[in-house]
Each structure stands twice: as C-alpha cells, then as structure tokens.
2 protein chains.
Amino acid sequence: MMTADGPQRISDSTVHRLSKYYRTLTYLSERGIKTISSEALAQHNGVTAAQVRKDFSCFGTFGRRGLGYNVLELQRNIARIMGLQRKWSVALVGVGNVGRALLDYDQFRIQGFQITMAFDSDPAKIGREFHKVFVRDVFNLENDARAGQVEIGVVAVPVVAAQAVVDKLVLGGVKGILNFAPINLKAPPGVFIRYENMAIEIEALAFAITNPELVRND
Amino acid sequence: MMTADGPQRISDSTVHRLSKYYRTLTYLSERGIKTISSEALAQHNGVTAAQVRKDFSCFGTFGRRGLGYNVLELQRNIARIMGLQRKWSVALVGVGNVGRALLDYDQFRIQGFQITMAFDSDPAKIGREFHKVFVRDVFNLENDARAGQVEIGVVAVPVVAAQAVVDKLVLGGVKGILNFAPINLKAPPGVFIRYENMAIEIEALAFAITNPELVRND
DNA sequence: AATTGTGAACCTCTTCACAGCT
DNA sequence: AGCTGTGAAGAGGTTCACAATT
C-alpha cells in the first residue's frame, strides 16, 4: 500500500541550529575564512559533526568530500533556506521595557527584520517616537498593519491584552507572531506563533542549580 | 549484571513545561480556582493531558484519581521542584538596551530573581543607577560577585566580551549563567549555562513563513 | 588522507491505553 | 463515572559507521 508521506518535516531543533550556524558563518566570513569542516562548525556551536551534516542533508548537499564547506556559499544557502536573503516588515505591539529594547536590538536589524511600526494603548506613549519609530494607537492596529504590509508582529503587551492583539494582527494580514507574553495564544492555520519568555530559561537555571543530579550537563 | 543507572534525568522540555504550568497555576489560584484536571491544564498550555501527567510523574504523585489536582498544592510542589520557593541573587553584566529591560522585567522579580548588582565597562554608565540598581565597573566583577554571594549571572554584553565575563563570573562563585550573547560559551562542570537569543525565534518565523509545507503547525 | 552524505542503530520523548483509585 | 499514574508502543531526533568523493 502506498502512503502519501507528504513532504519531509523539519524539526524546530534543526531550524534553531541553522540560525546558529548562520551566525558562525557570518563571523567566519568577516574574518576572511574561506572554508570550514562540519567538525569545526560543530565545535563553534556545541554540537556533533554528524548533527551538522544531517541538518544540511535535509535541504541538499552543500559540501565537498575531503574539503569541507565553502563559507560564503554555505552562508548564502542557509540564508535562502531560512528566508534571510530579504527584508521582513515587522510591527511591534507594546512599547514597554521589553518593546523599547527590541526597537534598538541589533540582532533583528542585522538579519533584515525591520520594525517599521510600533503600537501602544497608553496615551502618554502614542504620538511619541522611540528609537526613531513613531508610536501609533493600538486601536488602529488592524488597518495600519494591513496598510503597511506588515508580515511579522511582535507582541510585547501584558498577558490580558495578548490574545486580542494577536486577533487584530491576524485580521491585519500578519503571517507570523513572536510573542513575549507568558501565555499560550491561538491563531488560525497559516499564521505561525513563536514564544519567547526570558523567565523560562532563568527558571531552568534555578532548577539545574537546585537539582544538579537530575540535569544532563554536556 | 547490574547496571548503575544513576538517577533518572529530566529533559529540558519537561523543565520548560513545568515553568509554564506554574504560571498557569498562579493565574488560576489568583482567580480562586481550587482544582484542575490534567486535561484543563494541558489546554492552557497547548500540550496533551498525558504529557502533563508524565511530566509530574517524574517527581511524585500530586493528584487524586477521579478528582484532579489541588491548585495551591500543585503550585507549591512545582515551586519546590524548580527552586522557586526562595529568592535568587542575580548579577547583570552589560547595561545596554537588553540589560536595562531586564533590570525592570517583572517576570524575573515576581519569580524571586533579584538583580542585586549590575556591571558595565562603559565609564559613562559606571556609577549611575538604572531602575535603582547601581552600575559597577566590570573590572571588579569577580570580587563583587563573590562578596555579594551572587548565584546567577546574566550576560548581556557583546559577543567579543562574553567569554571573559563568564570566566570572571565563574571565578566569582556563580553557579548559573543566562547568556544573551549569540555565541556558544564554556564553563566548568557544575556551572550551568542557558542561552537566550531573541533573533533565533524570529528567524524560525521567517523559515516557517518561507517554507510552510516543511513546518509542523499545531 | 581528509571529509562529506546517509542508511541503520540507537536513544529519548510523546502518546496510547488501561488498571487503579476516589 | 471521572480522572490519575504508568508500562508499553510509537514517533522522532541523534549518533554511528562507512561508502563515496576530492
């Protein structure tokens, strides 16, 4: 019997590692390094060489046996795979401490994520500029996001407001949401949500220090 | 033949989910809800009921068959497991955009992570206060961290400085490091490092939007 | 001689399904 | 009847090991 497998799926772990390899390759190419082996790339990222090769093998063959990988070529390939060879239009919702830090976050700008609009509900913030971005009224989020062709929304509002913001972003045509509020959110199929919660990792540290015998440590 | 298994290890995923369950339980108890089932707790967190029960089963049995879990009791148990029933002394290194946001990050304070010291190398920042925390010279990091009995260090410095900061934190007696610099770091056994990189998740969104057919969606 | 690409083996995590308790 | 706790099955991710290539 023939089973319709559908296309091979890529795991979150692989996607995360590709981001890291990409950063390493940028670092290497800035220093004029032309070639790298899977072993060396692995050591830069705390993984095994086999893991690096398997990650790439999901997308094609980028190296040469006996020689390793060409740094620039591999970098271009990962950029293409990840969608980093172009600019992304991003809207920030919530101009609190976290939001303001993101408005001036190098790692977004460098990778082509341009925060073109910011929104808040606080009248004291609406109409002001932070890091040269004008703060709009979240009331107009749906219309403004659509008019500005926003592709990704960053949610940095309190938990109670987060789902309503997501709903407006979805109506405004956004295709991806990066959520900093510590709550699980719903979006229709075709809209991707990713979660960022800085407290979770520091709690994982508290767990590890409290229970060192229960934690795998390299 | 008898094999010395060592203690059962707990996966990162389980630890992350425990953090999330803990937040849900706080939310429920604030609303006076006394009891919850694994099914309901699962729905709040986008996982399955079996997953919730398996996560708990690593640490003991906290529910009652037929009745579910007592919210407050479960919350206390998770706090104990995660080491959240006490305060943690945290030092922040790097008072840039990200560092300043963390100095006023509710989710740290609420869970008992108190940033008692901040460090920077910029003479324009040393001696000033941000969010009521005095900025010290990173030159004295090792001694000040030891004197202040710092347990966790938060690294929010540029990539080039990150490893040197980790080395000083380790010498200063720190047991856990939360690293925001996009680079892999080394620490001796017994010192735990966790990584936080906000660019990685937005890049995962770019990947998902670019290759929707390759991504598992819900 | 060095290093990739990859099937197979291995290991870990998740889900199933049901016995056991309330 | 409702719901937990858990061994077993299933799915998925990682490592091994080696043929293929430069």
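The basis for the numbers below is simple: all heavy atoms, side chains too, and nothing from hydrogens, waters or symmetry mates.
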**Student:** Nearest of D:dT4, C:dG5, C:dT4 to any side-chain atom of A:Thr61?
**Tutor:** C:dG5
**Student:** What is the distance, to the nearest angstrom, from the CD atom on A:Glu39 to the P atom on D:dA17?
**Tutor:** 15 Å
**Student:** With a 4.0 Å limit, can you tell me whether A:Arg17 has a side-chain N or O closer than that to the phosphate oxygens OP1/OP2 of D:dT14?
**Tutor:**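 For D:dT14, OP1 or OP2 has a side-chain N or O of A:Arg17 closer than 4.0 Å.
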**Student:** Among the candidates D:dC3, C:dC13, D:dG5, find the nucleotide nearest to the side-chain atoms of B:Ser37.
**Tutor:** D:dC3
**Student:** Touch check for B:Phe62, heavy atoms < 4.0 angstrom, all strands: base, sugar-phosphate only, or nothing?
**Tutor:**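 The answer is sugar-phosphate, as B:Phe62 gets under 4.0 Å only of primed atoms, P, OP1 or OP2.
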**Student:** Indicate yes or no: does B:Arg109 engage B:Asp104 in a salt bridge with an N to O separation below 4.0 Å.
**Tutor:** yes
**Student:** Between A:Glu203 and B:Arg23, is there a salt bridge with N-O shorter than 4.0 Å?
**Tutor:** yes
**Student:** Check the distance between C:dT4's C1' and A:Leu41's CG and give it to me in whole angstrom.
**Tutor:**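 Result: 13 Å.
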**Student:** Given atom CG of B:Asp12 and atom C1' of C:dC13, what is their separation to the nearest angstrom?
**Tutor:** 12 Å
**Student:** Give a yes/no answer on whether the side chain of B:Ser13 brings an N or O atom under 4.0 Å of OP1 or OP2 in C:dC13.
**Tutor:**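 For C:dC13, OP1/OP2 do not have a side-chain N/O of B:Ser13 under 4.0 Å.
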**Student:** Rounded to the nearest Å, what distance is computed from the CG atom of residue B:Asn70 to the P atom of nucleotide C:dT22?
**Tutor:** 15 Å
**Student:** Can you tell if the side chain of A:Leu102 reaches within under 4.5 Å of the side chain of A:Phe180, non-hydrogen atoms only?
**Tutor:**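 Yes, their side chains come closer than 4.5 Å.
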**Student:** Rounding to a whole Å, what distance do you find between B:Arg53:CZ and C:dG20:C1'?
**Tutor:**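 From B:Arg53 CZ to C:dG20 C1': 13 Å.
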**Student:** Can you figure out which of D:dT6, C:dT3, D:dG13 approaches the side chain of B:Ser57 most closely?
**Tutor:**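 Selected nucleotide (nearest to the side chain): D:dT6.
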**Student:** With the side chain of B:Ala50 defined as its heavy atoms from C-beta on, choose the nearest nucleotide among D:dG5, C:dT15, D:dT4.
**Tutor:** C:dT15
**Student:** Can you tell me how far C1' of D:dT15 sits from CG of A:Asp55, to the nearest Å?
**Tutor:** 12 Å
**Student:** Please evaluate the base of C:dT3 for a donor-acceptor partner in the side chain of A:Arg65 within a cut-off of under 3.5 Å?
**Tutor:**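 Side chain to base: no pair present.
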**Student:** Only one of B:Val52, B:Leu25, B:Leu28 clears side-chain contact (heavy atoms from CB on, under 4.5 Å) with B:His44; which?
**Tutor:**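 Of B:Val52, B:Leu25, B:Leu28, side-chain contact (heavy atoms from CB on, under 4.5 Å) with B:His44 is met by B:Leu28 alone.
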**Student:** Quick one: is C:dT15 close enough that its OP1 or OP2 comes under 4.0 Å of any side-chain N or O from B:Gln51?
**Tutor:**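 It does, given that an N or O in the side chain of B:Gln51 lies less than 4.0 Å from OP1 or OP2 of C:dT15.
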**Student:** Quickly work out the B:Glu73 CD to D:dT4 P distance and round it to whole Å.
**Tutor:** 13 Å
**Student:** Which nucleotide in the list C:dT12, D:dT21, D:dG2 gets nearest to the side chain of A:Arg216?
**Tutor:**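 Nucleotide nearest to A:Arg216's side chain: C:dT12.
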**Student:** How many Å lie between NE2 on B:His16 and P on C:dC13, as a whole number?
**Tutor:**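 So the NE2-P distance, B:His16 to C:dC13, works out to 13 Å.
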**Student:** When we call it a touch if two heavy atoms are under 4.0 Å apart, what does A:Arg64 touch: a base, just sugar-phosphate, or nothing?
**Tutor:**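 Answer is sugar-phosphate: A:Arg64 comes under 4.0 Å of backbone atoms only.
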**Student:** Within less than 4.0 Å of OP1 or OP2 of D:dT15, is there a side-chain N or O belonging to A:Thr48?
**Tutor:** yes
**Student:** Charged N to carboxylate O below 4.0 Å: is that the case for A:Arg100 and A:Asp120?
**Tutor:**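 Looking at A:Arg100 and A:Asp120, the cut-off is not met.
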**Student:** Report yes if a side-chain nitrogen or oxygen of A:Ser38 is closer than 4.0 Å to either non-bridging phosphate oxygen (OP1 or OP2) of C:dT4; otherwise report no.
**Tutor:**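 Yes, because at least one side-chain N or O of A:Ser38 sits under 4.0 Å from OP1 or OP2 of C:dT4.
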**Student:** Among the candidates D:dC18, C:dC21, D:dA8, find the nucleotide nearest to the side-chain atoms of B:Lys54.
**Tutor:**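 Among the listed nucleotides, the one closest to the side chain of B:Lys54 is D:dA8.
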**Student:** Are A:Asp55 and A:Lys20 within salt-bridge range, i.e. N to O under 4.0 Å?
**Tutor:** no
**Student:** Are OP1 or OP2 of C:dT22 and a side-chain N or O of B:Tyr69 less than 4.0 angstrom apart?
**Tutor:**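 For C:dT22, OP1/OP2 do not have a side-chain N/O of B:Tyr69 under 4.0 Å.
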